[in-house]
Amino acid sequence: MPQRLKLDQGWFLQQAGDDDSTEHERLSVPSVPTDVYQVLLAHDKIADPVQDLNELSVRWIADKQWIYTTKLRIDTLAVKNGERVDLVFEGLDTFATVRLDGQVILEAGNMFLSYRCNINRLVCKDEPNDEHELEITFASARLRGQELVEEHKHEHRFIARQSEDSRIPVRKAQYHWGWDWGPILSGTSGPWRPVYLEYYSTKINDLWAEYTFGADGNCIGYLYCETRCSQIGSRILFSISCDDDEVCQVECEQTDRDDADSFGCRFVILSPKLWYPFSHGPQPRYKISATLVQEGVIIDQSSKLIGLRKVELIQEPDDFGKSFYFRINDVDVFVGGSCWIPASNHLSSLTRDQYHDWIQLLRDGNQNMIRVWGGGIYEDDAFYDACDELGVLVWQDFCFACGNYPTYPSFRSSVESEAFQNLLRLRNHPSLVIWAGSNEDYQVQERYKLEYNYDDKDPRSWLKTDFPARYYYEYFFPNLVKRHNPGAVYHPTSPWGDGKRSDDPTVGDIHQWNIWHGTMEKYQYSEKLCGRLVSEFGMVAYPHLETIQSVITSPEQRHPGSVIMDFHNKAIGHERRLMSYIAENFQVKYDLAAFIHLSQIVQAEAMAYAYKAWRKSWGVKSHRGCGGVLVWQLNDCWPTISWAIVDHYRVKKPAYYSIQRALAPCAVGISRTCHDWSQTHMNAMLDLGHVDPTKDARTDTEYEVWVVNDRQEPINFEVEIRFISVKTGADVLPVIHKYLLAGANCTSTVVKTSIGPLNPDLEDSSTPFDLSKYDPYVIHATLKHVDQEEILSSDAAWPQPFKYLDFTGERLSMETSRISNEELQVHVNASHPVKGLVFEERRGLTLSSNNFDVIPGALEIVVVIKGSDLTDVRYTYIGAPSGSIQLNTGAI
């Protein structure tokens, strides 16, 4: 049987000398996989790059060469007995020269490739000494990138948005050059994935399944197995099982001899158990197994878990343009979720459990899709395994982002190998339903007016343009996916306008950056900014206070606008953009805790408006509008201020809960007239707008209540609609009860009407406006099954902006009760409407809910708080008397 020997210990790292006379200290490497920063940090040779301004102090690392060395002990007896011994590198970052006993055995230049080197000829010696020296020298990726740009500048126009051009010709995670949410740490040289020796005479290289479904619903397909060095007459025994019950078993014999032999057999599964995203069904998986037999002896065995499902991307002409939504197992699926960036700057530090925790967090938040962004990596197997297990769909970009990539022969060959390897590695995962060619590369083509003729369908001609990467996105990748991963769909890029502009809202997917970026539209107008599928949009917010304190060590720098605070916010123009959204909507407070809360509520409100409005557009089966929403972004690669809805330490921001509520399986939503309060007086005179902050006191207020039902059957609901005074907490209109049969997997309108002015004595615009008589109100709706008390969903529509509302006075009451030393229950009530109640989260603290509005007379909200330390749980809300208030947690 093949044997694998991990090479994770006994390594040393040394900086290469600047000249022959320069020597640098040799440092022990704690373990491999690793990178230079982790080793230097372990020996206290550098300051932690995530803290303060330390990122600047480690920039020099990226411009040096680094050498890793270790000793190998080879089983010479196994070699002499005819076994092959391969040295395998699952990932080298990035330009690496590998030597064994001084002889070069590998020149690597692509971080996304794995490499296998047979070393029999080098280790099969007569000497008894079986120890060999392995050395890996890593050149500077940044400097090598600059050299490649210079070498090929006459044949290609290198363009990199977000960072320097040197990243474009380097097949390395592009975010290492820095992004508008991450640091510049391109010196991550090292064996970033496992290194090992493998002994074998014959082995199974790969095992996979391809299948389809017949008209009768049965699954028909083929199991394939590829071997290395198998002998004539070798046999493969295939089997398929589910829940330990064998479904079928087939034996086939090899007749043709090759270095990489293939076996295949047909199978049929009657009444198969289908894999669904968790929002629409279960996640059963089948175990496929292959056993390699030679002369009656079992030589190798391999098994994998697969899921059986059918995926379609529905793109059909309709009243809006052309649809864009997913159909899984003949069920239309609204995809609500997030975009994913690498979860660390030090990729090898991530564990299988951490990946699982991230995907579990996604599922707990009702998010059924994650988009792996093209500026990162083809993720670790553990990431996709977790998505398979938990029923989260994966949108996978090929690793190209915000650039104009070349196609000169050596680069093209490397890209093709990279795509082939990673597609084969990931093709068994049922969660991976779509591959996209790149991220925003067609926006680069549009911005820089690169040559592109959609009607030209000759791939050879594309290579002669100044946008040659079209060859990858529209020819090589789609054909590769069709050939080797036919169970997934392919999309040329994200965003993609089907030959039109990439921002066309009527076709394809869009990145809606006119919130925050672009024209900086008010998030209250999200409904007007919809597309067929919004695969990126976002709003920046601060993480919770503990995370800020962990990276800014000086108390004097812990305030908004400090040097270090701004340094940790990489978003371009973040000062103007964030302050614009905060100041437009809220009374500005500069106490750090209060400012954090304001930024978080702005982000949470933006998420609530967008997810509710765009999910409402899901419509009915014959009339789909928006097919999904993916926020930029779920996570961070370091503790920072960014668009992430969960910070680097997996501490949730309030926006996480806004999305969770908006994506509930059965959710109620409300919208109401939102007058533009920020127009100038001149515009008001020209009747282009109105500066009157209380216009809804003089005019009708239109409002709409709807229900979205994800379930595959109609449900009888009761909807209660109330109108509550912000000033008094009293109902200002009679309560409305609506009963409806909400259709299956669609949006149902509950009510769409208007309310006249509630203050008749304020309607006369010719008399002075008495602000004291203005009584703004909240529209509040709850959703529950008919004849059941449990509230499934609730929503509130407030008059805008919040800064004009009076939140003074005692509004909130809480009662706490101890469940145990590490668990606390909080009952929340309000005498007046309360906006944005947020408990301050931190590592080690878990909340059952957070970030909610509290409405008088509504069922009390119960929050369960778990953690090893509950002595300092703090909370705040809009209009709270101080930056944060300590919760009475009771005696321990």
Side-chain angles (χ1 to χ4, degrees), residues 94 109-112 141-180 184 186 373-377 397-416 418-419 435-478 491-503 508-511 513 517 535-536 572:
T94 292
N110 188 323
M111 174 182 176
F112 307 121
R142 192 181 81 88
L143 297 183
R144 181 63 184 132
Q146 291 177 349
E147 294 170 358
L148 289 168
V149 168
E150 183 65 23
E151 287 175 21
H152 297 278
K153 66 181 180 181
H154 298 298
E155 61 189 283
H156 182 71
R157 185 180 175 189
F158 290 91
I159 302 172
R161 289 176 60 196
Q162 296 278 3
S163 61
E164 64 176 271
D165 291 348
S166 66
R167 73 174 171 85
I168 296 297
V170 179
R171 295 313 296 148
K172 173 178 171 63
Q174 302 288 269
Y175 83 106
H176 285 163
W177 272 261
W179 224 264
D180 54 4
I184 299 174
S186 58
W373 170 69
I377 62 171
D397 288 354
F398 283 96
C399 287
F400 299 82
C402 302
N404 185 32
Y405 291 88
T407 55
Y408 55 81
S410 59
F411 187 87
R412 188 167 127 195
S413 175
S414 184
V415 165
E416 291 177 352
E418 161 196 323
W435 289 87
S438 73
N439 171 81
E440 296 187 354
D441 286 6
Y442 283 74
Q443 290 187 344
V444 171
Q445 176 267 317
E446 292 165 352
R447 174 176 291 193
Y448 294 93
K449 302 186 185 322
L450 304 178
E451 184 180 345
Y452 184 79
N453 178 5
Y454 180 71
D455 295 325
D456 178 5
K457 302 302 182 183
D458 178 11
R460 292 170 298 180
S461 70
W462 306 341
L463 295 170
K464 300 173 184 176
T465 69
D466 59 359
F467 183 55
R470 180 185 181 186
Y471 173 87
Y472 305 132
Y473 312 144
E474 295 183 49
Y475 175 72
F476 183 76
F477 293 162
H491 188 51
T493 191
S494 182
W496 170 251
D498 200 19
K500 302 179 181 180
R501 284 193 57 84
S502 60
D503 58 0
D509 66 317
I510 63 169
H511 291 183
W513 282 113
H517 287 304
S535 49
E536 276 191 25
I572 299 167

Is [Y] close to [X] at the side-chain level, that is, under 4.5 Å between some pair of heavy atoms?
X	Y	value
Phe398	Ser438	no
His176	Met111	yes
Leu450	Ile159	yes
Lys464	Glu451	no
Pro459	Phe476	no

Give a yes-or-no answer on whether the side chains of [X] and [Y] include a donor-acceptor pair shorter than 3.5 Å.
X	Y	result
Ser502	Trp496	no
Asp441	Thr493	no
Asn404	Gln445	no
Asn439	Ser494	no

(message) With a 3.5 Å distance limit and no angle check, can you tell me whether Ser413 reaches the backbone of Ser410 through a side-chain donor-acceptor pair?
(response)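 Here the side-chain-to-backbone pair does not exist.
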(message) Looking at Trp462 and Asp456, would you say the former's side chain and the latter's main chain have a donor-acceptor pair under 3.5 Å?
(response)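 Here the side-chain-to-backbone pair exists.
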What pair of heavy atoms forms the shortest contact from [X] to [Y], and how long is it?
X	Y	value
Trp177	Ser166	NE1-OG, 2.9 Å
Ser163	Gly178	CB-O, 3.9 Å
Tyr473	Pro478	O-CD, 3.5 Å
Ala401	Arg167	O-NH1, 2.9 Å

(request) May I ask you to decide whether Lys457 forms a salt bridge with Glu474, counting only side-chain N to carboxylate O separations under 4.0 Å? (result)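 So Lys457 does not pair with Glu474 through a salt bridge.
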(message) I'd like to know if Arg144 pairs up with Glu151 as an ion pair, taking the criterion as any Lys NZ or Arg NE/NH1/NH2 lying under 4.0 Å from an Asp or Glu carboxylate oxygen.
(response)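 A salt bridge links Arg144 with Glu151.
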(message) Rounded to the nearest 0.5 Å, what separates atom CD in Gln174 from atom SG in Cys399?
(response)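 Interatomic distance, Gln174 CD to Cys399 SG, rounded to 0.5 Å: 8.5 Å.
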(request) Using the ring of Tyr405 (Phe, Tyr or Trp, six-membered ring only), decide whether Arg412 places NZ or CZ under 6.0 Å from its centre and within 45 degrees of its axis. (result)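 No - Arg412 does not lie over the ring of Tyr405 by the 6.0 Å and 45° rule.
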(request) Give the C-alpha distance, both sets of side-chain angles, the deciding distance and a yes or no for side-chain contact (heavy atoms from CB on, under 4.5 Å) between Ser414 and Phe112. (result) CA-CA 9 Å; Ser414 184; Phe112 307 121; over 6 Å; no
(request) Please say whether more than 12 non-hydrogen atoms of neighbouring residues, nucleotides or ligands are located less than 6.0 Å from OH in Tyr475. (result)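 Atom OH in Tyr475 is not crowded, with 12 or fewer foreign heavy atoms closer than 6.0 Å.
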(request) Keeping to residues at least two apart or across chains, list the salt bridge (Lys or Arg N to Asp or Glu O under 4.0 Å) pairs with something in residues 492-503. (result)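 Matches after skipping sequence neighbours: Lys322-Asp498, Glu446-Arg501, Arg501-Asp503.
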(message) side-chain contact (heavy atoms from CB on, under 4.5 Å), that's the test. Do Glu536 and Trp513 meet it? Break it down for me.
(response) CA-CA 8 Å; Glu536 276 191 25; Trp513 282 113; 2.9 Å; yes
